[in-house]
Amino acid sequence: MAGYSELLSFMDSPVFRLYATYAAVVTLKMMFLSAWTAKFRLSQKVFINPEDAPAGKKELVRRHDDVERVRRCHRNDLENIVPFLVLGLLYVLTGPSVYAAAWHFRAFVASRFAYMVCYLLPLPQPTRFLACLVGYGVNVSLAAQVIMNGQLWVLGGFSFGLGIKIMSRGGQVRCRRGNGANRHVQFPIFEGYDELPFCVI
Amino acid sequence: MAGYSELLSFMDSPVFRLYATYAAVVTLKMMFLSAWTAKFRLSQKVFINPEDAPAGKKELVRRHDDVERVRRCHRNDLENIVPFLVLGLLYVLTGPSVYAAAWHFRAFVASRFAYMVCYLLPLPQPTRFLACLVGYGVNVSLAAQVIMNGQLWVLGGFSFGLGIKIMSRGGQVRCRRGNGANRHVQFPIFEGYDELPFCVI
Amino acid sequence: MAGYSELLSFMDSPVFRLYATYAAVVTLKMMFLSAWTAKFRLSQKVFINPEDAPAGKKELVRRHDDVERVRRCHRNDLENIVPFLVLGLLYVLTGPSVYAAAWHFRAFVASRFAYMVCYLLPLPQPTRFLACLVGYGVNVSLAAQVIMNGQLWVLGGFSFGLGIKIMSRGGQVRCRRGNGANRHVQFPIFEGYDELPFCVI
């Protein structure tokens, strides 16, 4: 069966392997902050729910700056690492060079570790700001490359709406179009070719 | 090497390209709110950490409704865009028509931009609620299609546990089963066929 | 066209189908908490923005513990389910057995449903803590397997930097290297082979 072995062959791609490794490492780093929050809650006796506090100690349901600091760092991770995980995967699928991909991933992962250290110690600004900025810049770069790669098709789609030509060859309905570079691309449309003039952006 | 070139051929799929483009655009929109929060913090002089405020101005560590508004919008983005990014990818892999996929993605991205505008201006309700509802509905539709597509196998799995038949043919252990539609599906099992009777739901 | 049909063949993989189904189910569970928050806000008349409250009822812009409880549960979902969605996909691509994958996914999804029930009722501790711990452990296990699978290449990369050998054969630049197991792996490098000595970790 084709699907399963092809699936496994993903891991043969060096770029994908780099992505998978760095993605797992930076996700573990993000998950570490969950454990760190729990550790502070127990050691500082700061509980967020009445049922978490020891019986009869409702005064321990309170806020504490050490805990809130870890939670702010965690939220910033969610806001930055989650985009990286998705954009990184899409970026890998654009077929970048190993070199470019490796440096994008390394810069991002290093910036998130630096951010965490800056936030938790804490170090004086603008160290934390700069650490965040590097990761943010990597994400913007990844997104730009994904969009530029995808948009070739999107832009081609405009001419597609005008110059559509449905053909049937070898029992399969095909649709031929010319994109901006006057290259001809064909793709099969399964029982949906009548919808196409309305669908492409 | 097979894996690498197959990986690149992903981008040949029109549905995947649409997904990649819209996913990157809506992720950038989400990331914009990080920058917007930082901009408000600096312009309104509202800092969340003591080390962020200028030296000797600890009274600037405070809350401000403009900043909290952007953060609430950002959190709602996390709660809605992240499911879209994952469900959208899984949905692409179910092989939908370009037409259906394009309108799902467009509706979602438009609803999230509308949501952001409604929240930040702000516009009177129920505009923001309706904008959110459209995106939420798209996510539910994507999830339903992924589950229905996957569940054919899952339901087939029940009969699998009862009618399992291990075979060895051509040097490879195979497992043949009939699903509900009485279609026979084969898949290779690498050194794990003895575990199968217990494993399928 | 190769890309499109290969894309569709993903769904032929039993492990991937399990992942897709469980991922969609647990994402829907997370999205349910958005609806649940909205339901509590309307029934308890607790609004977070001035424009949400009925005209002239600004005193309804307030906090309420029932709503905050749902939101805390939702945030914990974001912190745990999002890593699962990414790590689970990468784990599927390492080619695990159906058995191992199914039990990882089942344990995670069950733990998140249990967590939600424990949080919303609420049940006394340590039920919620234990529910969270199971899901956390699954994520750590997934990440460890992804990293170990990817790192074979990463470790191989060290020797790569020392023993690199650029070849041109059949019009395509190739790069041959031996990894720790003395296996030879080849991959094509598109116009980037001069960058390779610097790029591999």
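Protein chains get the first letters and strands the later ones, always in sequence-line order, with residue 1 at the start of each.
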Interatomic distance, D65(C) atom CG to N49(A) atom CG [nearest 0.5 angstrom]
7.5 Å

Atom of V82(C), atom of V82(A) and distance for their closest heavy-atom approach
CG1-CG2, 3.5 Å

With a 4.5 angstrom heavy-atom cut-off, is it the side chain or the backbone of A35(A) that approaches chain C, or both, or neither?
both

Taking NZ in K39(C) as the centre, count heavy atoms belonging to other residues, nucleotides or ligands within less than 6.0 Å. Is the count above 12?
yes

To the closest 0.5 Å, what do you measure between CG (L87(C)) and CG (L28(A))?
7.0 Å

Residue part contacting chain A, namely of Y136(C), when any heavy atom lies under 4.5 Å
both

Side chains of F16(A) and L90(C) in contact at under 4.5 Å (non-hydrogen atoms):
yes

Rounded to the nearest 0.5 Å, what separation is found between the CG atom of D77(A) and the CD atom of E79(C)?
10.0 Å

Residues I147(C) and A24(A): closest non-hydrogen pair is CG1-CB, 3.4 Å

Below 4.5 Å from any heavy atom of chain A, which atoms of L89(C) appear? Answer side chain, backbone, both or neither.
side chain

Give me the contact list for residues 109-120 of chain A versus chain C, heavy atoms only, anything under 4.5 Å, ordered by residue number.
none

Could you tell me the separation between the CZ atom of R75(C) and the CZ atom of R71(A), rounded to the nearest 0.5 Å?
4.5 Å

Would you say CZ of F32(C) has more than 12 non-hydrogen atoms from neighbouring residues, nucleotides or ligands within 6.0 angstrom?
yes

Could you check if a side-chain atom of E51(A) sits within less than 4.5 angstrom of a side-chain atom of P124(C), using non-hydrogen atoms only?
no

So which part of V25(A) gets closer than 4.5 Å to some heavy atom of chain C, the side chain, the backbone, both or neither?
both

Spatial distance of atom CG (N80(C)) from atom CE (M31(A)) [nearest 0.5 Å]
7.0 Å

CZ of R17(A) to CG of L93(C): how many Å apart, nearest 0.5 Å?
11.5 Å

